[in-house]
Protein chains: 2
Amino acid sequence: MQLRNQVEWALHCCSILAGLPPGQRLSTKALAEFHGVPKPYLSKALQSLAQAGLIEGTLGPSGGYRLARPAAEISFLEITEAIEGRARSFACTEIRRNAPCLRADEQISGPCQVARVMWQADEAWRAVLRSQSLADLSATLEAELPERLLADAEAWVGARSAGG
Amino acid sequence: MQLRNQVEWALHCCSILAGLPPGQRLSTKALAEFHGVPKPYLSKALQSLAQAGLIEGTLGPSGGYRLARPAAEISFLEITEAIEGRARSFACTEIRRNAPCLRADEQISGPCQVARVMWQADEAWRAVLRSQSLADLSATLEAELPERLLADAEAWVGARSAGG
DNA sequence: CTTATTGCGGACATTCAATATCTTTAATGA
DNA sequence: TCATTAAAGATATTGAATGTCCGCAATAAG
Ligand code: SF4
Ligand code: SF4
C-alpha cells in the first residue's frame, strides 16, 4: 500500500514542464539533473507519461519533452495512474466461494459489501486527485515559493530548454 | 499501490467473529478452513489484529479468537491499518532539496503542495473506511444474503465455536 | 497430574514486484 | 554526415510480500 516514488518524480517533472514557455522542450537529462535522480530510471517514468498521452517526446538534438495538453487539462489522477496503473487498490479474490456451506450450484450475486466499501474508499481517493490540475499546482507554487527561487529555477531551466 | 490480500482475509474473519454469540470463540483452524486459505499465514493476520486490540485470543483446547470490542465500535479503517500499518500511501522523499538552484542555507517551509494534495486524497480514503463499522457490514450481509446460506454458515460455525 | 490443543513469536524459505542499469535502434537538427 | 536524443527492450539487483515451520507457554479436558 505504498505509491512508487516514480509518482513523486512524475508530478515534479510535469510541474516543471507546465512552467515552460509554450512549445519549449526539456530533456530527460536536464530533468534528472534538476531532481538528482538516476536518468535511465526517470526515463521510464517519462515514457509512461508519454504513452498515456500526457507529454510528448521529440527526438534528436534539442529534443526533449513537453506537455501534450494545457496544464489545466491534466489532473493529478492522470499522472498517478500513468505510473501506477488503473487497478483498484483492493483486489477481490472471491474467497467467499471457498465457504464449505456454499453449494456448488448456488449463485452469488456480484461483489459483496466488503469489496463495495473498499472500492468506495478508492473512489474517494481518486476524486480528490481528479479535482486537482497541474495548473492549480503551478498557481499554488507561484504563490508560496520565494521569488528568488522561482527566478533561479526558471533561469536554470531556460538555459537548458530548446525548440519551439 | 495494492493492498495485501491479508486485508480481505481479516475483514472476512472479523465479519464472522461479529456474527458469533457473545463470548463464543472460534479457532484459527476453523477460520482458515472456512475461507480456504493457509492456516499458518492467516495466523499472522489474526495476530496483527490481536496486537491492535481488535480481537482477543485464548489459549488451550476450545481456545480461539473473539472480538475485543462491540462490532459497532470496530471500523474498516482499524482492521485495514492493523494489517497494512498506518503509513500514508504517498511518501515524500524531499527531492526538491536536490534542485541545483537551491542555496545551502535556504529554508524550505514544510511539505509542498504536491505532498499536501496526495495526503488529502489519502485522508479522503481513510474517512470512508472510518465511517464503516463491522456492525454496518453485518447488517448489510444479513439483508443481502439468502437465508439458507446464513443459516448454514451459522450452523457450520456454531459446531466449531466454543467457550463463553 | 497428564495430555492434547491452541495462540504466540520468531526464524526461515520462496516468490514476485519494484528498482536500477544497460544496449540497441530510430529519429532529428546542426 | 554526425552528434544528440527519446523509444524500447533485455537484464541485473534489491526488497517486500507471501507462505511455512518450529518451539514455547497457556489452558482445558480426561
Ligand atoms: S471481498 Fe467480498 S467479493 Fe471480494 S473476495 Fe471477499 S467475499 Fe468475494
Ligand atoms: S512532494 Fe513536495 S514535499 Fe514531497 S518530496 Fe516532492 S517536493 Fe518535497
Nearest-angstrom distance from the residue atom OH of Tyr65(B) to P of dT5(C) = 18 Å
Would you mind reading off the distance between Arg66(B) atom CZ and dT27(D) atom C1', rounded to a whole angstrom?
-> 14 Å
Between Tyr65(B) and Leu26(B), is any pair of side-chain heavy atoms under 4.5 Å apart?
-> no
Between Pro61(B) and Glu56(A), which is nearer to the 5' end of DNA chain D once each is assigned its nearest nucleotide?
-> Glu56(A)
What is the nucleic acid contact for Thr58(A), judged by heavy atoms within less than 4.0 Å: base, sugar-phosphate only, or nothing?
-> sugar-phosphate
How many Å lie between NE2 on His35(B) and C1' on dG19(D), as a whole number?
-> 18 Å
Side-chain H-bond candidate by donor/acceptor type, Glu142(A) with Ser138(A), under 3.5 Å = no
Nearest to the side chain of Asn5(B), which nucleotide is it out of dT27(D), dT18(D), dG9(D)?
-> dT18(D)
From the list dG9(C), dG19(D), dA25(D), which nucleotide is the closest neighbour of the side chain of Trp9(B)?
-> dG19(D)
Would you tell me whether Thr93(A) and Glu8(B) have side-chain atoms, one donor and one acceptor, within less than 3.5 Å of each other?
-> yes
May I have the distance from Leu49(A) (atom CG) to dA8(D) (atom C1'), rounded to whole angstrom?
-> 16 Å
Distance in angstrom units between Gln2(A) CD and dT19(C) C1', rounded = 14 Å
Short side-chain N/O contact from Thr28(B) to OP1 or OP2 of dG7(C), under 4.0 Å = yes
Does Ser27(A) or Gly60(B) map to a spot on DNA chain D nearer the 5' end, using the closest nucleotide for each?
-> Ser27(A)
Going by modelled atom types, is there a donor-acceptor pair between the base of dG7(C) and the side chain of Lys39(B) at under 3.5 Å?
-> no
So do Leu46(A) and Cys13(A) actually touch side chain to side chain, heavy atoms under 4.5 Å?
-> yes
In whole angstroms, how far is the C1' atom of dA16(D) from the CD1 atom of Ile83(B)?
-> 16 Å
Only residue of Arg88(B), Arg130(B), Arg126(B) satisfying salt bridge (Lys or Arg N to Asp or Glu O under 4.0 Å) with Glu81(B) is Arg126(B)
How would you label the contact of Lys29(A) with the nucleic acid (heavy atoms, under 4.0 Å): base, sugar-phosphate, or nothing?
-> nothing
Looking at the side chain of Pro38(B), which of dT28(C), dT20(D), dA10(D) is the nearest nucleotide?
-> dT20(D)
To the nearest angstrom, how far is Leu42(B) atom CG from dG19(D) atom C1'?
-> 12 Å
Nearest-angstrom distance from the residue atom CD of Gln6(B) to C1' of dA17(D) | 9 Å
In terms of side-chain heavy atoms of Arg4(A), which of dG7(C), dT19(C), dA8(D) is nearest?
-> dT19(C)
Taking for each residue the nucleotide of DNA chain C bearing the nearest heavy atom, is the 5' side occupied by Lys44(A) or by Ser62(A)?
-> Lys44(A)
Phosphate OP1/OP2 of dT19(C): any Tyr41(A) side-chain N/O under 4.0 Å | yes
Against the side chain of Leu59(B), the closest entry in dA25(D), dA28(D), dT21(C) is dA25(D)
State, without any angle test, whether Ser133(B) and Glu73(B) hold a side-chain donor-acceptor pair at a distance under 3.5 Å.
-> no
